[in-house]
Amino acid sequence: MLIVLSPAKNLNFEPADGRLTKTEPRLADDTGKLIETLRKKTPSKLAALMSLSDNLSTLNAERYKAFGTQSKKQAILAFNGDVYRGFDASSLDAKGLAAAQDRVRILSGLYGLLRPLDEIEPYRLEMGTSLKTRRGETLYDFWGDRIGKLLNEELGDAPLINCASNEYFKSVQGLNNPVITCQFKEEKDGKHRVLGFFAKAARGMMARFAVDQRIDDPEGLKDFNTAGYKFEPSLSNAKTWVFARPQPPKQGA
């Protein structure tokens, strides 16, 4: 069993503990090809391509030009969005990070598929970007079935647990394994809704639960009860497992 997560736009490249294990991304040759394409883009073209501000487009143009010489950090510690605040990797010890390495994968527009301890450099490249390469018009064309094939090799006959966004999970093509998608909903006035902010954090908390409990059988995920969520059989089916809770009050209310 593996759990896939989306990456985050926000990054934290403050130095990590140098004693922690580091691994290398396995689709580095493909990453290099993307960097060759991105280095040719001016800041204004990057701004148009990814709807970036002038400051962010200039920053990322500089990142692409410096790629290969920038500081590196383990992916699970470098990503710093809602999913990763839910996962809270900095509170894991070495054994916990090793357990995460065995159970969690991160989809990435630039790196394809990352293990938690794979070292990455600072970048910005969302999977939904329409970046033209020799392989096609989009990053989905570029990655093709490469991500799916790598997951097939790792999973054997085990299922894949999808805790990624639709944008990123669309990059998993050619997968032979069953997929279970986890949804996280908030209940208010008898209605259940997916609210993005809460759902992102819950995806990270689910992955952390699997790591802490050393879960290898998907059935164990049904015991997830972090932050008040619980499995709801009446809202679920074989392919989509729904976890729900009463909607928290607004902050300050």
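Hydrogens, waters and symmetry mates are skipped; everything else that's a heavy atom, side chains included, is used.
Donor-acceptor pairing under 3.5 Å is recorded for the side chains of Ser165 and Ser6.
Proximity of Phe67 to Thr31: side-chain heavy atoms (C-beta onward) are separated by under 4.5 Å at one or more points. Side-chain contact between Asn10 and Asp82 is absent, with no heavy-atom pair separated by less than 4.5 Å. Residues Leu113 and Asp118 fail the side-chain proximity criterion, which asks for heavy atoms closer than 4.5 Å. Residues Leu56 and Leu59 are in side-chain contact: their nearest non-hydrogen atoms beyond the backbone lie under 4.5 Å apart. Under the 4.5 Å side-chain criterion, counting only non-hydrogen atoms from C-beta, Trp241 is not in contact with Phe224. Contact annotation: the side chain of Arg105 approaches that of Pro116 to within less than 4.5 Å [non-hydrogen atoms, C-beta and beyond]. Put simply, the side chain of Lys41 does not reach to within 4.5 Å of the side chain of Met50, judged on heavy atoms. A heavy-atom distance below 4.5 Å is not found between the side chains of Lys73 and Phe79.
When all heavy atoms of Lys9 and Glu126 are compared, the pair lying nearest together is CE-OE2, 3.2 Å. A pairwise comparison of heavy atoms in Gly81 and Ala8 identifies N-CB, 3.4 Å as the closest pair. The minimum heavy-atom distance between Leu77 and Ala16, with the atom names listed, is CD1-CB, 4.0 Å. Of all non-hydrogen atoms in Leu221 and Phe243, the two that sit nearest each other are O-CE2, 3.4 Å. Scanning both residues, Met1 and Ala210, for their nearest heavy atoms gives CE-CB, 4.4 Å. A pairwise comparison of heavy atoms in Ser71 and Pro122 identifies O-CD, 3.5 Å as the closest pair.
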Under 3.5 Å, which donor-acceptor pairs do the side chains of residues 169-180 form with other protein atoms, sequence neighbours left out?
unit_1, atom_1, unit_2, atom_2, d
Ser171, OG, Tyr168, O, 2.6
Asn177, ND2, Gly156, O, 2.8
Asn177, ND2, Ala158, O, 2.7

Pairs of donor and acceptor atoms involving the side chains of residues 225-234, under 3.5 Å and at least two apart or interchain, shall be tabulated with distances.
unit_1, atom_1, unit_2, atom_2, d
Tyr229, OH, Glu186, OE2, 2.6
Tyr229, OH, Arg245, NE, 3.3
Tyr229, OH, Arg245, NH2, 3.4

For residues 190-207, dump all side-chain donor-acceptor pairs below 3.5 Å to protein atoms at least two apart in sequence or in another chain.
unit_1, atom_1, unit_2, atom_2, d
Arg193, NH2, Gln247, OE1, 3.2

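Within 6.0 Å of NZ in Lys222 there are more than 12 heavy atoms belonging to other residues, nucleotides or ligands. Under a cut-off of 6.0 angstrom, the local environment of CG in Asp217 is crowded, with over 12 non-hydrogen atoms contributed by other residues, nucleotides or ligands. For Asp157, the CG atom sits in a loose shell: 12 or fewer heavy atoms of surrounding residues, nucleotides or ligands are nearer than 6.0 Å.
Atom CD1 of Ile147 sits about 7.0 Å away from atom CG of Leu27, to the nearest 0.5 Å. With values rounded to the nearest 0.5 angstrom, Thr181 atom OG1 is found 8.5 Å from Leu160 atom CG. Summarising the geometry, atom CD1 belonging to Ile215 is positioned 7.0 Å from atom CG belonging to Asp223; distances are rounded to the nearest 0.5 Å. Note: Leu97 CG to Gln74 CD = 8.0 Å, rounded to the nearest 0.5 Å. Atom-to-atom distance recorded for Leu114:CG and Leu5:CG is 11.0 Å, nearest 0.5 angstrom. Taking CZ from Arg85 and OG from Ser90, the interatomic distance works out to 11.5 Å, rounded to the nearest 0.5 Å.
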Worked check of side-chain contact (heavy atoms from CB on, under 4.5 Å) between Leu117 and Leu20: CA-CA 9 Å; Leu117 297 177; Leu20 294 176; 5.7 Å; no
Leu38 vs Asn60, side-chain contact (heavy atoms from CB on, under 4.5 Å): CA-CA, chis, key distance, verdict: CA-CA 9 Å; Leu38 290 163; Asn60 283 283; over 6 Å; no
Test log, rule side-chain contact (heavy atoms from CB on, under 4.5 Å), inputs Leu235 and Thr240: CA-CA 9 Å; Leu235 302 176; Thr240 303; over 6 Å; no
Derivation and outcome, side-chain contact (heavy atoms from CB on, under 4.5 Å), residues Arg208 and Leu92: CA-CA 9 Å; Arg208 176 61 183 265; Leu92 285 171; 3.4 Å; yes
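Within the structure, no pair that satisfies the ring pair (Phe, Tyr, Trp, His ring centres under 6.0 Å) test touches residues 40-66, not counting sequence neighbours. Under the salt bridge (charged side-chain N to carboxylate O under 4.0 Å, His left out) criterion, no residue pair touches residues 86-95, with sequence neighbours excluded.
Between the side chain of Thr58 and the backbone N or O of Asn55, no donor-acceptor pair lies under 3.5 Å. Remark: side-chain polar atoms of Trp143 are paired, donor with acceptor, to backbone N or O of Gly109 under 3.5 angstrom. Checking side-chain atoms of Asn80 against main-chain N and O of Asn12 turns up no donor-acceptor pair under 3.5 Å. Of the possible donor and acceptor atoms, one in the side chain of Glu167 sits under 3.5 Å from a partner among the backbone N and O of Gly128. With Glu137 contributing its side chain and Ser130 its backbone, the two residues share no donor-acceptor pair below 3.5 Å.
Glu154 and Arg26 are joined by a salt bridge, as a carboxylate oxygen and a charged side-chain nitrogen come within less than 4.0 angstrom of each other. Note on Asp216 versus Arg103: salt bridge recorded, some NZ/NE/NH1/NH2 to OD/OE distance being below 4.0 Å. Using a cutoff of 4.0 Å between basic side-chain nitrogens and carboxylate oxygens, Asp30 and Arg135 are scored as salt-bridged.
For Tyr111, the ring pair (Phe, Tyr, Trp, His ring centres under 6.0 Å) test picks out Tyr123, with sequence neighbours left out.
Side-chain heavy atoms closer than 4.5 Å link hydrophobic residues (I, L, V, M, F, W, Y) into clusters, and following such links, possibly through other members, connects Leu150 to Leu110. Cluster membership check: Ile161 shares its hydrophobic cluster with Leu155, using side-chain heavy-atom separations under 4.5 Å among Ile, Leu, Val, Met, Phe, Trp and Tyr. Linking Ile, Leu, Val, Met, Phe, Trp and Tyr whenever their side-chain heavy atoms come within less than 4.5 Å leaves Phe209 and Val242 in two separate clusters.
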